[in-house]
Amino acid sequence: MNTMTLEKLTQLFKSVGELQGTDISRVRVERAPVLWQYEDVVRQYLKPTDRVLDVGTGGGEIFLSLAPYFSEGVGIDSTPKNLEAAQSNLSRQSVGHVSMMQMEASDLQFGSDEFDVVLLRHLWIYVSEIVPILRPGGYFITQMVGQRSSLNLLDVFGWTPDSFGPNWWQTVSEVADEFRQHGCHVLAQAEYDVPYWFQDIESFIFWMKAVPWPDKIVLEKHWQNISQILETAQTERGIESNEHRGLLIVQKP
C-alpha cells in the first residue's frame, strides 16, 4: 500500500464519522477463531425472572440485545455522552423493562442483594462494590481487555501497555483471586490472544478514533504513525493486529 498523505488521512477521518456510544458495528474485521463470544456466554446465565445490572453499559448496545432474556435491567455509565446514546437506543427500541442511570463503577449506589446477575465488559472491576449487590447464588460475568492487545500498533506509536497508566490493566487471575477473597466461587476463567484483520481502511480509521489510546489521536501529530501502520501491517487478509481478551464468571454463595 502506498504511504498515505496527511490530506488523504484527513479526508478519511472526516468521512468515517464519530463514535456514538460504544457501537463499533460498522468496523469490518475478520478474527481468528476464539474460545467464546461474550453475548453467548451471558445468555447461558440469564433467566426470565432475573434482575440484571450492566456496569459501564456505554450506549447500551450489547445490554439491550440481551434484554429479551431477563425480567428487569439497569444499565449504568459514568459518561454523559454514552448515556445520551444509551437513552436514544432505549427509546428507539422501546424496551420498557430496562432503565439507564449515570453512576460510577467505583461507587455503586444500590442496596445489598439487589441483582441476580451483574455484567461488566471492558472496564475496571471493583470487586468490593460488586459482591454486596449480588444476591446469594447470583453471577458476575466479565470480559476484560488484556494488555497484549494491539501490540504491533502500540509499537508504531512508541507506546507500551504501561503507557496507559498504572490503573488500566487487571489480569483475570488477579481479579479471580480477589473474588475468592470475598468468599465467591470462580466458575470459569479463560483468555484468548488471536490475530484479527481490519477489512478496509475506513474500519481501521474509525477504530483508531474510537479506542482510548495513551494519547488522543490527533492527525497533525500522529498521521505518519498511522500511515506507517497502513503500509507495514497490510496483509492479504487485511490490516493485521491482535486481540487479547479475558473471561471471568463468578458466583456468590
Side-chain angles (χ1 to χ4, degrees), residues 20-27 29 31 33-79 82-103 105 108-127 129-145 172 175-176 179 184-192 243 245-253:
Q20 300 296 322
T22 52
D23 182 14
I24 59 170
S25 59
R26 72 179 73 180
V27 176
V29 63
R31 183 181 287 100
V34 296
L35 297 175
W36 70 84
Q37 295 289 346
Y38 175 73
E39 295 92 327
D40 293 340
V41 171
V42 171
R43 278 193 290 267
Q44 296 179 52
Y45 288 86
L46 296 177
K47 302 189 300 295
T49 56
D50 281 346
R51 187 166 193 248
V52 182
L53 173 67
D54 189 32
V55 180
T57 196
E61 299 88 1
I62 292 177
F63 192 39
L64 291 174
S65 75
L66 296 167
Y69 301 94
F70 56 78
S71 174
E72 182 184 359
V74 180
I76 65 168
D77 202 282
S78 63
T79 308
N82 283 346
L83 276 179
E84 182 180 346
Q87 292 288 3
S88 175
N89 290 330
L90 184 62
S91 298
R92 185 172 63 254
Q93 297 183 36
S94 299
V95 181
H97 62 290
V98 173
S99 59
M100 301 293 179
M101 303 172 59
Q102 185 168 357
M103 192 179 298
L108 298 180
Q109 299 294 306
F110 299 105
S112 299
D113 305 340
E114 279 207 35
F115 295 97
D116 299 287
V117 179
V118 174
L119 307 175
L120 184 151
R121 182 176 177 270
H122 301 181
L123 192 69
W124 190 270
I125 301 163
Y126 295 91
V127 175
E129 292 291 316
I130 292 166
V131 174
I133 66 174
L134 271 176
R135 291 170 179 162
Y139 299 100
F140 170 71
I141 305 168
T142 184
Q143 178 173 282
M144 305 166 64
V145 178
V172 176
V175 177
F179 272 105
C184 295
H185 304 302
V186 175
L187 303 182
Q189 63 183 87
E191 295 183 61
Y192 69 69
E243 181 176 85
R245 297 289 183 265
L247 176 71
L248 184 65
I249 305 172
V250 172
Q251 186 175 31
K252 180 176 177 178

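Worth knowing before you read on, the calculation uses all heavy atoms, side chains too, and leaves out hydrogens, waters and symmetry mates.
By the 4.5 Å heavy-atom criterion applied to side chains, Leu108 and Ile76 are counted as neighbours. With contacts defined as side-chain heavy-atom distances shorter than 4.5 Å, the pair Phe140/Ile125 qualifies. In this structure, the side chains of Leu248 and Val186 come closer than 4.5 Å at one or more pairs of heavy atoms.
When all heavy atoms of Ala86 and Gly60 are compared, the pair lying nearest together is CB-N, 4.2 Å. Between Cys184 and Val131, the shortest heavy-atom distance links the atoms SG-CG2, 4.0 Å. Nearest heavy-atom pair, Pro48 versus Ser71, reported as atom, atom and distance to 0.1 Å: O-CB, 3.0 Å. Counting all heavy atoms, side chain and backbone alike, Thr142 lies closest to Tyr38 at C-CE1, 4.3 Å. Nearest heavy atoms, Ala67 versus Val98: CB-CG2, 4.2 Å.
With sequence neighbours excluded, the residues forming a side-chain contact (heavy atoms from CB on, under 4.5 Å) with Glu61 are Thr22, Asp23, Asn89, listed by chain and number. With sequence neighbours left out, the side-chain contact (heavy atoms from CB on, under 4.5 Å) criterion links Gln109 to Met103, Asp107. With sequence neighbours excluded, no residue satisfies ring-ring contact (aromatic ring centres under 6.0 Å, His included) with Tyr69. Contacts of Arg43 classified as salt bridge (Lys or Arg N to Asp or Glu O under 4.0 Å), with partners at least two apart in sequence or in another chain: Asp40. Glu243 pairs by the salt bridge (Lys or Arg N to Asp or Glu O under 4.0 Å) definition with Arg31, Arg245, not counting sequence neighbours. Glu84 meets the side-chain contact (heavy atoms from CB on, under 4.5 Å) test with no other residue; sequence neighbours excluded. Listed by chain and residue number, His244 satisfy the side chain to side chain donor-acceptor pair (under 3.5 Å) test with Glu191 (two or more places apart in sequence, or in another chain). The ring-ring contact (aromatic ring centres under 6.0 Å, His included) check on Phe70 picks up Phe63, His97, with sequence neighbours excluded. For Leu83, the side-chain contact (heavy atoms from CB on, under 4.5 Å) partners at least two apart in sequence or on another chain are Asp77, Met100, Gln102.
In this structure, CG in Asn82 is found 12.0 Å from CD in Gln87, a value given to the nearest 0.5 Å. The distance from the NE2 atom of His185 to the OH atom of Tyr139 is 10.5 Å, given to the nearest 0.5 Å. In this structure, Ser78 OG and Met101 CE are separated by 13.0 Å, a value rounded to the nearest 0.5 Å. Rounding to the nearest 0.5 Å places CG of Leu66 at 6.0 Å from CG of Leu46. Here Ile249 contributes atom CD1 and Tyr45 contributes atom OH; the two are 4.0 Å apart, rounded to the nearest 0.5 Å. Distance check: Phe110 CZ to Ile133 CD1 gives 6.5 Å after rounding to the nearest 0.5 Å.
Not a single donor-acceptor pair under 3.5 Å links the side chain of Gln189 to the backbone N or O of Val172.
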From CA spacing to verdict: side-chain contact (heavy atoms from CB on, under 4.5 Å), Asp113, Lys252: CA-CA 10 Å; Asp113 305 340; Lys252 180 176 177 178; 3.2 Å; yes
For a quick test of your reading: what N or O donor-acceptor pairs under 3.5 Å do the side chains of residues 114-123 make, sequence neighbours left out?
unit_1: Glu114; atom_1: OE1; unit_2: Arg51; atom_2: NH1; d: 2.6
unit_1: Glu114; atom_1: OE2; unit_2: Gly111; atom_2: N; d: 2.5
unit_1: Asp116; atom_1: OD1; unit_2: Arg135; atom_2: NH1; d: 3.4
unit_1: Asp116; atom_1: OD2; unit_2: Arg51; atom_2: N; d: 2.8
unit_1: Asp116; atom_1: OD2; unit_2: Arg135; atom_2: NH1; d: 2.8
unit_1: His122; atom_1: NE2; unit_2: Gln143; atom_2: NE2; d: 2.9

